[in-house]
Colleague: 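Below are the structure tokens for one structure; questions will follow.
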Amino acid sequence: MRNKMTLAGTIVALGLAASTLVIPSFAQPMPPDDSTGANEATDKPTSAAGAESVMRVASAMQLIRYAREYESPVAMLAAVEMMQTVRVRESETLEGTLEAMDSSADPSAGKVSRDAQPPVLEAETLLAEAREWAAGNPEILEMIDTAMDKARDRPRSAVTMGAVGGPKYNIERAPARTAVNYDINFEAGKLARIAVIGDSDTDLDLIVLDQNGNRITADVDDSDFCIVQWTPRWTGDFRIVVVNHGSVWNEYIIVTN
């Protein structure tokens, strides 16, 4: 009974944490109503359904980090349960182009150690990790088996709001002191949200520019957990920039609605 209460408590705590998560926004003032100004609206978005998927993935990834740090099967079970409510698809087109930040950038710079683990979304892989930590606890092992059966039987689909083509993700590697650029098309009036979650080894920044080069929003703190959101005034392309300030590469997941 204690373990089940711990799981429930973890889920409640995660929900409270997610509800208080602050999403930074550094929006430019609105220009005149024409397509040569900043592509950002001040009106309330007409839809935010796909953006919720991005937030849930980000919250689940935070919990996965916690589970791995403390080898907590209960936390991993909660993270997997949250991931099962999300329907995003791996993108074949969400591929970035590299740009060296300075002449000292070394794209081949590797890891000195491998303490951090790359981001993973697959429920079966995450539950296999939880099983190792739960050895000798039959009640938790039974819960993991039940979650594994659900993961194998659950069909996957995609919500189709936000970025043109629907919510999607990709797992990529940002070389040392390098920016990775993405060009993504977002729909007018719909809340756009992007999350980048790294492997905890370096500082990542996330910057959004519109097709006219205006800086729309950014998350530039000293972590590799980044979330931004904005509402386009018109359907158009945006340049998404992931900057790795570290001296080694960072393997990260980028999720967009």
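None of the values given here were measured: they were computed from a predicted structure. Atom set for the values below is all heavy atoms of this structure, side chains included, hydrogens, waters and symmetry mates excluded.
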Colleague: Which atom pair, heavy atoms only, marks the closest approach of R65 to D224?
Modeller: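 Nearest heavy atoms, R65 then D224: NH2-OD1, 2.7 Å.
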Colleague: Would you say N39's side chain and R233's backbone share a donor-acceptor pair under 3.5 angstrom?
Modeller: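 It does hold such a pair.
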Colleague: Around E124, counting heavy atoms of other residues, nucleotides and ligands shown, do more than 12 lie under 6.0 Å from its CD?
Modeller: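 Count over threshold, so yes.
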Colleague: For W249, does its backbone N or O pair with a side-chain atom of D201 as donor and acceptor, under 3.5 Å?
Modeller: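 No; zero donor-acceptor contacts below 3.5 Å.
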Colleague: What distance do F238 atom CZ and Q211 atom CD have between them, rounded to the nearest 0.5 Å?
Modeller: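 If I round to the nearest 0.5 Å, the distance is 7.5 Å.
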Colleague: Return the minimal non-hydrogen interatomic distance between Y169 and E122, and the atom names on each side.
Modeller: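 It is OH-OE2, 4.2 Å.
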Colleague: Working to the nearest 0.5 Å, report the span between CZ of R173 and CG of N250.
Modeller: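 Interatomic distance, R173 CZ to N250 CG, rounded to 0.5 Å: 10.0 Å.
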Colleague: Answer yes or no: is there a side-chain heavy-atom contact under 4.5 Å between V242 and Y182?
Modeller: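 With C-beta onward as the side chain, the pair touches.
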Colleague: Apply side-chain contact (heavy atoms from CB on, under 4.5 Å) to the pair Q62 and Y66, showing each step before the final yes or no.
Modeller: CA-CA 6 Å; Q62 281 186 315; Y66 174 90; over 6 Å; no
Colleague: Would a distance-only check, ignoring hydrogens and angles, find a side-chain to backbone donor-acceptor pair under 3.5 Å from N257 to L191?
Modeller: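 Such a contact is found between N257 side chain and L191 backbone.
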Colleague: Quick one: does any side-chain atom of D199 pair with a main-chain N or O of E251 as donor and acceptor, under 3.5 Å?
Modeller: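 The answer is yes, because a donor-acceptor pair under 3.5 Å joins these two groups.
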Colleague: Do L121 and M61 make a side-chain contact, defined as non-hydrogen atoms from C-beta onward lying under 4.5 Å apart?
Modeller: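 Result yes, sub-4.5 Å side-chain heavy-atom pair found.
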Colleague: Check whether D219 reaches the backbone of V228 with its side chain - one donor and one acceptor, N or O, closer than 3.5 Å.
Modeller: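 Not a single qualifying donor-acceptor pair exists.
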Colleague: Side chain of T146, backbone of E142: donor and acceptor closer than 3.5 Å?
Modeller: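 Answer holds: yes.
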Colleague: Closest approach of A192 and P232, non-hydrogen atoms and distance?
Modeller: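 Smallest interatomic distance, heavy atoms only, reads CB-CD, 4.4 Å.
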Colleague: Is a side-chain N or O of N212 found less than 3.5 angstrom from the main chain of A38, in a donor-acceptor match?
Modeller: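 It does not hold such a pair.
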Colleague: Indicate whether any N or O donor in one side chain lies under 3.5 Å from an N or O acceptor in the other, for N244 and T202.
Modeller: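 Checked: N244/T202 side chains pair up, N/O donor to acceptor below 3.5 Å.
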Colleague: Measuring only between side-chain heavy atoms, which start at C-beta, is M55 closer than 4.5 Å to I227?
Modeller: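 Touching, per the 4.5 Å side-chain cut-off.
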Colleague: Check H245 against D205 and note the closest heavy-atom contact, atom names and distance.
Modeller: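 Taking H245 first and D205 second, the nearest heavy atoms are NE2-OD2, 2.6 Å.
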Colleague: Dump the intermediate steps for side-chain contact (heavy atoms from CB on, under 4.5 Å) on F186 and D210, then the final yes or no.
Modeller: CA-CA 10 Å; F186 284 92; D210 68 10; over 6 Å; no
Colleague: To the nearest 0.5 Å, what is the distance between CG (L204) and CZ (F225)?
Modeller: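 Those atoms lie 12.0 Å apart.
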Colleague: Let's go through R56 and E52 carefully: what are the C-alpha distance in whole Å and the side-chain angles of both, what is the deciding distance for salt bridge (charged side-chain N to carboxylate O under 4.0 Å, His left out) to 0.1 Å, and is it a yes or a no?
Modeller: CA-CA 6 Å; R56 290 190 184 185; E52 177 62 24; 3.2 Å; yes
Colleague: Once you round to the nearest 0.5 Å, how far does CD1 of I64 lie from OG of S72?
Modeller: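 Nearest 0.5 Å value for the CD1-OG distance: 12.0 Å.
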Colleague: State plainly whether one hydrophobic cluster holds both L141 and M76, where clusters connect Ile, Leu, Val, Met, Phe, Trp and Tyr through side-chain heavy atoms under 4.5 angstrom apart.
Modeller: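 No; tracing contacts between hydrophobic side chains, which count when under 4.5 Å, never links both residues.
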Colleague: Taking all heavy atoms of R215 and all of V220, pick out the closest pair and write down the distance.
Modeller: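 Smallest interatomic distance, heavy atoms only, reads NH2-CG1, 4.3 Å.
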Colleague: Could you report the tightest heavy-atom contact between A78 and L63, atom names first, then the distance?
Modeller: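 Scanning both residues, the minimum pair turns out to be CB-CD2, 3.5 Å.
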Colleague: Is the shortest heavy-atom distance from the side chain of I216 to the side chain of R239 under 4.5 Å?
Modeller: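 No, every pair of side-chain atoms sits at 4.5 Å or beyond.
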Colleague: Working to the nearest 0.5 angstrom, can you tell me the gap between I171 CD1 and Y252 OH?
Modeller: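 Atom-to-atom, I171:CD1 and Y252:OH are 11.0 Å apart.
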Colleague: Please evaluate residues E132 and E71 with respect to the criterion side-chain contact (heavy atoms from CB on, under 4.5 Å), reporting the C-alpha separation (whole Å), side-chain torsions for both, the decisive distance (0.1 Å), and the verdict.
Modeller: CA-CA 9 Å; E132 294 181 5; E71 296 188 352; over 6 Å; no
Colleague: Rounded to the nearest 0.5 Å, what separates atom OG1 in T256 from atom NZ in K168?
Modeller: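 The NZ atom of K168 is 5.5 Å from OG1 of T256, to the nearest 0.5 Å.
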Colleague: Is any side-chain heavy atom of K150 closer than 4.5 Å to one of Q84?
Modeller: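 Result no, sub-4.5 Å side-chain heavy-atom pair not found.
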Colleague: For the residue pair L98 and V180, establish whether any side-chain heavy-atom pair is separated by less than 4.5 Å.
Modeller: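 In contact.
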Colleague: For G189, is there any backbone N or O sitting under 3.5 Å from a side-chain donor or acceptor partner on T46?
Modeller: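 Flag set: sc T46 to bb G189 pair under 3.5 Å.
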Colleague: Quick one, V243 with D203, criterion side-chain contact (heavy atoms from CB on, under 4.5 Å). Give me CA distance, side-chain angles, the key distance, then yes/no.
Modeller: CA-CA 8 Å; V243 182; D203 173 25; over 6 Å; no
Colleague: Is any side-chain heavy atom of V57 less than 4.5 Å from a side-chain heavy atom of M83?
Modeller: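 SC-SC contact between V57 and M83 confirmed.
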Colleague: Heavy-atom distance under 4.5 Å between the side chains of I197 and P119, does that happen here?
Modeller: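 Answer no - side chains too far apart.
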